[in-house]
Every structure is written in C-alpha cells, then in structure tokens.
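Reading through the structure tokens given below for one structure.
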Amino acid sequence: MARKTIIAGNWKMNLLPEEGEMLVVSLKTAFENKKNLEVVVFPPIGLIPFAREWIYDSVIRYGAQNCWHEVSGPYTGETSPELLKSLGCSYCLVGHSERREIFEESNELVGRKSQALVEMGIIPIVCVGESLAEREAAIHFEKIQQQVESVFEAVEKESWIHLVFAYEPIWAIGTGKTATPKQAEEIHQFIRKIIRQKSGDVLADAISILYGGSAKPGNAEELLAQDNIDGLLVGGASLVAEDFSNIIKAY
Ligand code: 13P
C-alpha cells in the first residue's frame, strides 16, 4: 500500500479569524491536488468552526492541535474528540513537544488521547522527538522508542492502521536549525523499525511518518526525498501562504 504524504501546517497559538481566512483562501488556489497527497491545517481551537466554512469547498483538511481523552465531563478548558468530530476535524495532533514539556503530558496521556481519537474516527498525528540534551547524551533512541511503543500499548490493534507519527526533534522546532535529511531519515527508519516489530510489515509500510522542525521551502524537497519521510509538519512557515504552498509544491 502506498503511504499517504501529508503536508500539515500547525498554526500553534497564532492568527486571528481574518488572518486565517486570508491564508486559507490563498492556499486553496495555490497548489495542485495530487494522488496520495493530503494537505492539512491545524488552526487554534477557536478558529475550527471558521475553518470549516473556509475549507468546505476544498481538498484541504483541518484538525485540532490537542484534545482531552474523555467524551464529556468536568474538564474545564478542554475539548473532546467527540466535539472535534462534530466540527468536521479529520486529524488531531497529540503529544506535541510543547504540550509534553509545558503541560507535562506523559506518554500514557498521549496514548489515551490517541485511543479516544481513533474511537471517534479522527486520525491522531502523534508527535515524538528528543531534546538537544537527550541527543547529546545519546539517549534519543530510547526516548523515541518509549514514546512510540506507549501509543501501541494504548491504542486498540484494529486502529493501528489509522495512526500517523511525526518526528519533531525539539532542538529543531522554531530554531531555524533543521535536522539534516540524513539525521531525520535515521530516526524515521528507527521509528518504522519499531512499528514493524510491533505490528508487522503491512502496517509498517502503510503508516506515514512526518518530519517537523524548521521545515521550509528551501529544505522541503530534500527532506521529502528520503525513503521514510512521508510528509512534513510545518510550524512557522505554515503561517505564510507563499511559503506553505511552496512546501506543498516540493512534493
Ligand atoms: P517550526 O516549523 O516553526 O520549527 O515548528 C515545527 C512544529 O512544532 C510543528 O508542529
């Protein structure tokens, strides 16, 4: 099965409604739809109902940057996968390093969120990655292995096919310092090996693994040319229509 290539824009906590609309309107006409290509934007939660209006006549999909793992209840400020589903989200990011670090999200919590999402038919994009200190201490493989394995422990087997991973080295996020294609490919191969051990060849060859961390028009083509890099999760450059559409065109 050919893997899907996903070019995703994580807007993080940026853009007001009129800015988001301008960005999406420009994107809608800025690239050619291709087989196996999925373009996804992740606006802040308050813009999701607007995104639905901006995007309904386009191949672009949208998703949320985070969710809680319960359907409803006393979780002030949180958003359920059920609500995301009713708002038309196809994807949701989980375990972004900003959430793991600032909001102290554990592997276990990331796993529970992933399971809650697949139950709702929403594809979780599970972010994994190491800090500079962990890379320098040569414990990055171990950390990533734990992050990936805990998802397989939490998500029911029948839904493994719906998982997507994103390797985002923390030292490359928002720093302008991209992992070299060789560094990224090494980790992507490693993640695919873990998936292969957990779930066998069919799933290992079908699950998309994206790269994120200072992806931009100038490095997108080389990153996407790597055998195990199946797309990009773009932060800063996804806020600029020209840059994001040039990244999409690099595929
Ligand atoms: P930058 O592309 O700004 O480095 O952000 C990457 C990221 O965190 C995407 O989720």
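We count residues from 1, following the sequence as given. Values below: all heavy atoms of this structure, side chains included; hydrogens, waters and symmetry mates excluded. Numbering of ligands and ligand atoms starts at 1, following listing order.
Annotation: S214 places an N or O atom under 3.5 Å from an N or O atom of ligand 1; distance criterion only. Taking only nitrogen or oxygen atoms, main chain and side chain alike, G236 reaches within less than 3.5 Å of ligand 1. The N/O atoms of H96, backbone and side chain alike, include one that comes under 3.5 Å of an N/O atom in ligand 1.
When non-hydrogen atoms are compared, ligand 1 lies under 4.0 Å from the backbone of L233 as well as from its side chain.
Within the structure, ligand 1 has K12 among the residues with a heavy atom less than 4.0 angstrom away. Not a single heavy atom of C127 sits less than 4.0 Å from an atom of ligand 1. Using 4.0 Å as the threshold, G212 has no heavy atom nearer than that to any atom of ligand 1. Contact between A237 and ligand 1 is absent, with no heavy atom of the residue lying under 4.0 Å from the ligand.
Side-chain contact annotation: E168 with H96, donor-acceptor N/O pair under 3.5 Å present.
Residue E18 qualifies as enclosed at atom CD: its count of foreign heavy atoms under 6.0 Å is above 12.
Taking the centre of each ring, F42 and Y62 stay at or above the 6.0 Å mark.
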Audit row: E105, K113, salt bridge (charged side-chain N to carboxylate O under 4.0 Å, His left out) steps and yes/no: CA-CA 11 Å; E105 293 196 1; K113 290 182 177 188; 2.7 Å; yes
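None of E149, E130, E134 except one satisfies the salt bridge (charged side-chain N to carboxylate O under 4.0 Å, His left out) rule with K143; the exception is E134.
Atoms CG and CD1, from D230 and I7 in turn, are 10.0 Å apart once rounded to the nearest 0.5 Å.
Of the protein's heavy atoms, G235 N, 2.9 Å lies nearest to atom 2 (O) of ligand 1.
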